[in-house]
Amino acid sequence: MPPTGLEPARMNRKKGDKGFESPRPYKLTHQVVCINNINFQRKSVVGFVELTIFPTVANLNRIKLNSKQCRIYRVRINDLEAAFIYNDPTLEVCHNESKQRNLNYFSNAYAAAVSAVDPDAGNGELCIKVPSELWKHVDELKVLKIHINFSLDQPKGGLHFVVPSVEGSMAERGAHVFSCGYQNSTRFWFPCVDSYSELCTWKLEFTVDAAMVAVSNGDLVETVYTHDMRKKTFHYMLTIPTAASNIALAIGPFEILVDPYMHEVTHFCLPQLLPLLKHTTSYLHEVFEFYEEILTCRYPYSCFKTVFIDEAYVEVAAYASMSIFSTNLLHSAMIIDETPLTRRCLAQSLAQQFFGCFISRMSWSDEWVLKGISGYIYGLWMKKTFGVNEYRHWIKEELDKIVAYELKTGGVLLHPIFGGGKEKDNPASHLYFSIKHPHTLSWEYYTMFQCKAHLVMRLIENRISMEFMLQVFNKLLSLASTASSQKFQSHMWSQMLVSTFGFLKSISNVSGKDIQPLIKQWVDQSGVVKFYGSFAFNRKRNVLELEIKQDYTSPGTQKYVGPLKVTVQELDGSFNHTLQIEENSLKHDIPCHSKSRRNKKKKIPLMNGEEVDMDLSAMDADSPLLWIRIDPDMSVLRKVEFEQADFMWQYQLRYERDVVAQQESILALEKFPTPASRLALTDILEQEQCFYRVRMSACFCLAKIANSMVSTWTGPPAMKSLFTRMFCCKTCPNIVKTNNFMSFQSYFLQKTMPVAMALLRDVHNLCPKEVLTFILDLIKYNDNRKNKFSDNYYRAEMIDALANSVTPAVSVNNEVRTLDNLNPDVRLILEEITRFLNMEKLLPSYRHTITVSCLRAIRVLQKNGHVPSDPTLFKSYAEYGHFVDIRIAALEAVVDYTKVDRSYEELQWLLNMIQNDPVPYVRHKILHMLTKNPPFTKNMESPLCNEALVDQLWKLMNSGTSHDWRLRCGAVDLYFTLFGLSRPSCLPLPELGLVLNLKEKKAVLNPTIIPEVITGNQETAINPSGHAQLVGFQNPFSSSQDEEEIDMDTVHDSQAFISHHLNMLERPSTPGLSKYRPASSRALMPQHSPGGDGTPLTKPQWGMELARKGTGIHLGVFNLEGKEQSPLEMSMHPVATAPLSVFSKESTSSKHSDHHHHHHHEHKKKKKKHKHKHKHKHKHESKEKDKEPFTFSSPASGRSIRSPSLSD
Amino acid sequence: MADTMATAGAGSSGTRSGGKQSTNPADNYHLARRRTLQVVVSSLLTEAGFESAEKASVETLTEMLQSYISEIGRSAKSYCEHTARTQPTLSDIVVTLVEMGFNVDTLPAYAKRSQRMVITAPPVTNQPVTPKALTAGQNRPHPPHIPSHFPEFPDPHTYIKTPTYREPVSDYQVLREKAASQRRDVERALTRFMAKTGETQSLFKDDVSTFPLIAARPFTIPYLTALLPSELEMQQMEETDSSEQDEQTDTENLPLHISTDDSGAEKENTSVLQQNSSLTGSRNGEESLIDNPYLRPVKKPKIRRKKSLS
């Protein structure tokens, strides 16, 4: 496996604080981006970039940059034409001709393709040859200015155009464009070094229509009209060194709002939304104040811009000094539910301004530090803004999420370290994708990764105290801001990059504490802890015997050794005990403080010092224990399953003041459907002081309990009298009061209670008539005229409640659903839904929440057999042009229909939408929903599972989604869900035939490599199926693959050999080739430096080298067969315009000489180390002669190289 | 005589029907009048000394007399109406006679002549009893400030109002019930109407009318309808939080959009503005006014731009 940019980080941790070593043989200092024409009609962009670089090695002769999609017209270095080659192996990961369909193979190929262009490994899609005239200049390490003219036509990713098709000019239509993408995706819209670790200063110029505004990073220096006065140019300067990946752009007819509290902050929104923008951003200054205060550091940039755009890729995207938000976050003062969500988004983006934009990362494996810190300070903001309860609730939620995900998928690793190239070192072998690159990660994994990162930061805080934590952040920030004001020559800029090592060092410097065990447990290792706890009270010894077991064998778990806090609430008070969890000790004896003295009337002290009266009649007479909690502070990433008696849970629910404890007890009480539980829950529901989210979950628990107790339940349906008391008129209890949502807590309760009540079932498993009438009455008497707030969310939840009340229809031998046999209750429900849905057309609600709920309800009716199952309605709502929330809800219904009715047609319709929908978010979301609710899974027989579908999906992830990393990973997720890792079962086993075919072909073509073919065949014999045991790059994937590779290698190697010689001729001045090579190869291949580190890595290194070479070949391959490859079309060699260049002469003979230079380095190195290899090359050379033109190739060959043992 | 005249003058307004039965009451009346007039003519002739007269001549004279009296009646009516009265008075008749060239002064003497014949009054038929109009209650006597000669009050039912108040619906439950059902009816009617007039979708293949769903129609700019509050809500909102909003920003926004057009005004400002931008270049934007780069006017292009394609 080719090592990547992760390497430097590892190096750092080993070597100590040596600073950052760039993987590139040059250093970027400044970049100009000038976009002088943007055409909304054609969706095209024309411009140029100019990069100022300083070579760091003497014989730099090619410069690799990142660029995707861009059509590059011309490259000049210091005003001299330069030849270049454009080559992107990620466009098509595996070659068409390959009939391989197993995901392992794809994932490996994909990871290799991404590595091959990874800027953190010094690679790039665009390879520019330094003109020979400049070689001397370069040897003196003098500055180079690379000027690249490029254009972008109908970009499919990176830049998103929104052009509504109405009358009027583009500005009147509200047309806008903005940059977007997942992780480092700037290369999609201009050539750059698309790495978070390559910082430089920026000059950005955008010429746009006079009615438009261009918002970008840094300070707007001036705005100047063009000569015809019809356009204007926005000039931006960003003097703080910033990574290209943090550069963004938004152009549109924006309305401008200067923040009234902070004049250097400007907000932008689309026309007509200004009032909403004013309200939405009116809170932002408080977030600023909060962060600046806790970090004791001013906001690092001189200005800040927020832009709200339509069809957003993600809700929040933070870039240097600006954030791009979804316009759907805007809301008016009447909206309750959206307000906290939007504020959270604002706060999140601002936290990322400090950590993520201003402070960038050294490598991908340091990403967790940035996400962790920004997530952590965002959490602090939450705690301050929404209170401790909300904060703890959120932490609990996040913890539950990560625990569930890790247990399901087998672990999230924050700080992956990739040693050597051996597969067994792969820390994420349980996953079906590579975690070496952000671009190969499943989106869900990445979300969970961020979640875990901030939780781990919180664990660190627990260990070293918040004060030290903030000091560390302050230190990082002040170092960075000192560095940012320095000139490039001072070599200080790398201080702005955070690394895991640097961060940990900072922590140990500031706090003096050793947190290495904690890091080892949660950062360097994946998995969570699973505790099972139970206890017994030993009355004689007055001791609590606690037994804590761990499951550390299931996937996604790890063993925990260390302290664990246990809180015991006794009659005498609450006591904390810290247990040492060790290898073999399961039982822990905890001495109790109090004898059982229940008869004494005495108040019971709680943890928080409060003393309360309790009714102790429920408890065990012999035991003083009220309740026990394991790890109450959530200081371990764990799942706890604890057994205690039902009355203990009830006491815990009533009297424990921690919301997490209350939540846990509610969950536990579901298993105890008794009148006592019912009473405890009802009491909590009524208690005004109780946290509203706890009360909301109590509703659902109560519904479940009521259903379990259905035969013995007395009185009106659960919660009905409670609701009546709280929200209905005193005089007429069947009528709800007119809405007044001033108290948000009761608002949320009022919304939730009917939804929970609708889940009640009577003995016939039907929703009680009384409940349905009750909900219908709520809808009927709903009156919002005097309310200050909108009731759209409330009404939407009422429809959800109606949907919840639906039970499966009693059907007689699959009769067709018609109106006549419609259940009368359902008729009432349907009437409401019809009316609501129709009213939405006339008086739409905010974010169409009601339409969304109606669509869901209709799907529920269909699924329960009341209404004929039919996707047409949903399909019409899923069309482009509806509000995105509606579309998602409708698509969800179609996805569900596809699953339930096994409809091939609908699946095709969805797949078609994934490929063609104009909104990237919707495409991503469909894939996500299909993955969550798959039409079939790998172990299932399904008529949908056929070869055509496999091909289709394969094509989708192989080449159809190359413009959007997130989408491609989404397609991989779906493929995995449907077919699993190995070859889909619905495919025939064609390998053998394939082998034969290829072999025949090969036998004719190259008789010289017959021995190798035989080797390949032998391997086939050993691994007949090919994929079952293959796990790594070193193993051949299948015989056919292997053969292709061998062929390819030889063809290519021989070519490389020729060009090697040419190259030697070409540059005879370079003295002592063998002496100098290591320098250049290090520059090109950073992986070699760790090797020279004293680590004896010879063998693995050899493996790496081979793999590396493979990647190189991979690049070459694309050139060879580039007829229909668009990148090659794009890379137009300025052959004619550069007559003097030796290189151009060369390129007339072989267009791909550039690559051959590349290989030539490698070969030389190999030659040095392994003589026999060289001999081999000669063979290839001869073979090369009789094999021309090159007819076929497989880019996949790059990955499966003969294993080291073979070549030795 | 006066009776006759009055009757004649009233023309056909009389309702007096003859005693004899005839086919038509109007004919009856006409015949009776003629007969009376013939009697008068005959007695006058007798008085003048005629023994007998031919029928034709009597007829002619009758005709003449009738015309004459009719004319007097007509004329007198005009006079009386002229003075805004409904009933002729003596003076009206006098003026009429004077107008017709009759010497009124001779009239008393003629009336008192000795040889005049007295004709018996025509038989008076019973006045038809006009059916008594509905009377409800006692007619009110005049209040003291109204002279007694004024007509009596009409029947009480014609002017007395008896307001009938139903007990005002103050019951909360009923009100809510009513409001709810009203709104529901309006909504249903409206949506049904919309559904009838436009395209619809249906959940049932066999029935498109029971639960008609207005067809989903994509918007060109979907976020506007989704995010903007309705006008009604907007009003409410402005009322509640107009105080919170910073009016400054409102006005501050204008320049940019205006500035795109009025390049002329900017000319003089250009030099000042350049200063401004140099100030902010050094991050020194502390001015009394909001100094935000997006609010600054757009510069005119320089003749020679150095920042152009380098």
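Each chain gets a letter, A, B and so on, in the order its sequence line appears, and its residues count up from 1.
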- Task: Heavy atoms only: give me the nearest A:P733-A:K730 pair and the separation to one decimal.
- Result: CD-O, 4.4 Å
- Task: Please answer whether the main-chain N or O of A:F789 pairs with a side-chain N or O of A:N784 as donor and acceptor at a distance below 3.5 Å.
- Result: yes
- Item | Close side-chain approach of A:T281 to A:F308, heavy-atom, < 4.5 Å | yes
- Item | Most contacts with chain B, counted as non-hydrogen pairs under 4.5 angstrom, among A:E832, A:Q862, A:E879 | A:E832
- Heavy-atom distances under 4.5 Å only: say whether A:Y236 touches chain B with side chain, backbone, both or neither. side chain
- Message: Evaluate A:L257 against A:T266 for side chain to side chain contact (heavy atoms under 4.5 Å, CB included), listing each step before the verdict.
- Response: CA-CA 6 Å; A:L257 171 68; A:T266 321; over 6 Å; no
- Task: Would you name the heavy atoms of A:Y781 and B:R176 that are closest together and state the gap between them?
- Result: O-NH2, 2.6 Å
- Which atoms form the tightest heavy-atom contact between A:V213 and A:F234, and what is the distance? CA-CZ, 3.7 Å
- Per-residue tally against chain B (heavy atom, under 4.5 Å) across A:T738, A:D885, A:N838 peaks at A:N838
- Query: Side chain, backbone, both or neither: which part of A:L830 has a non-hydrogen atom closer than 4.5 Å to chain B?
  - Reply: both
- Residue part contacting chain B, namely of A:K780, when any heavy atom lies under 4.5 Å: both
- Message: Can you pull out every side chain to side chain donor-acceptor pair (under 3.5 Å) where at least one residue sits in residues 185-197 of chain B? Sequence neighbours excluded, please.
- Response: A:R835-B:E187
- Cut-off 4.5 Å, heavy atoms of chain B, and the answer for A:V163 is neither
- Message: Regarding A:H263 and B:D291, do their side chains bring together a donor and an acceptor under 3.5 Å, going by distance alone?
- Response: no
- Message: Counting only non-hydrogen atoms closer than 4.5 Å, does A:V265 touch chain B with its backbone (N, CA, C, O), its side chain (CB onward), both, or neither?
- Response: backbone
- Query: Is it the side chain or the backbone of A:H331 that comes within 4.5 Å of chain B heavy atoms, both, or neither?
  - Reply: neither
- Query: Given the options A:L861, A:I886, A:N328, A:V166, which has more heavy-atom pairs under 4.5 Å with chain B than any of the others?
  - Reply: A:N328
- Task: Could you tell me which residues satisfy ring-ring contact (aromatic ring centres under 6.0 Å, His included) with A:F883, sequence neighbours excluded, listed by chain and number?
- Result: A:H848
- At a heavy-atom separation under 4.5 Å, does B:Q201 approach chain A through its side chain, its backbone, both, or neither? side chain
- Contacting region of A:E831 [heavy-atom separation from chain B under 4.5 Å]: both
- Item | chain A contact residues among residues 212-220 of chain B, heavy-atom distance under 4.5 Å | B:P212, B:L213, B:I214, B:A215, B:A216, B:R217, B:P218, B:F219, B:T220
- Measuring heavy-atom distances to chain B, does A:R173 have an atom under 4.5 Å in its side chain, in its backbone, in both, or in neither? backbone
- Proximal component of A:C729, with respect to chain B [non-hydrogen, under 4.5 Å]: side chain
- Message: Closer than 4.0 angstrom, basic N to acidic O: yes or no for A:K737 and A:D783?
- Response: no
- Item | A:L273 to A:L330 - nearest heavy-atom pair and separation | CD1-CD1, 3.9 Å
- By a 4.5 Å heavy-atom criterion (distance strictly below it), what part of A:Y880 contacts chain B: side chain, backbone, both, or neither? backbone
- A:Y846: what forms a ring-ring contact (aromatic ring centres under 6.0 Å, His included) with it, not counting sequence neighbours? none
- Message: I'd like to know if the side chain of A:Q272 pairs up with that of B:Y223 as donor and acceptor (distance under 3.5 Å, no hydrogens or angles considered).
- Response: no
- Item | Most chain A-contacting option - heavy-atom pairs closer than 4.5 Å, from B:E177, B:R184, B:M194 | B:R184
- Message: Can you tell me which of A:V32, A:L270, A:I335, A:V215 forms the most heavy-atom pairs within a distance under 4.5 Å of chain B?
- Response: A:L270
- Distance-only side-chain donor-acceptor flag, A:E840 / A:S845, under 3.5 Å: yes
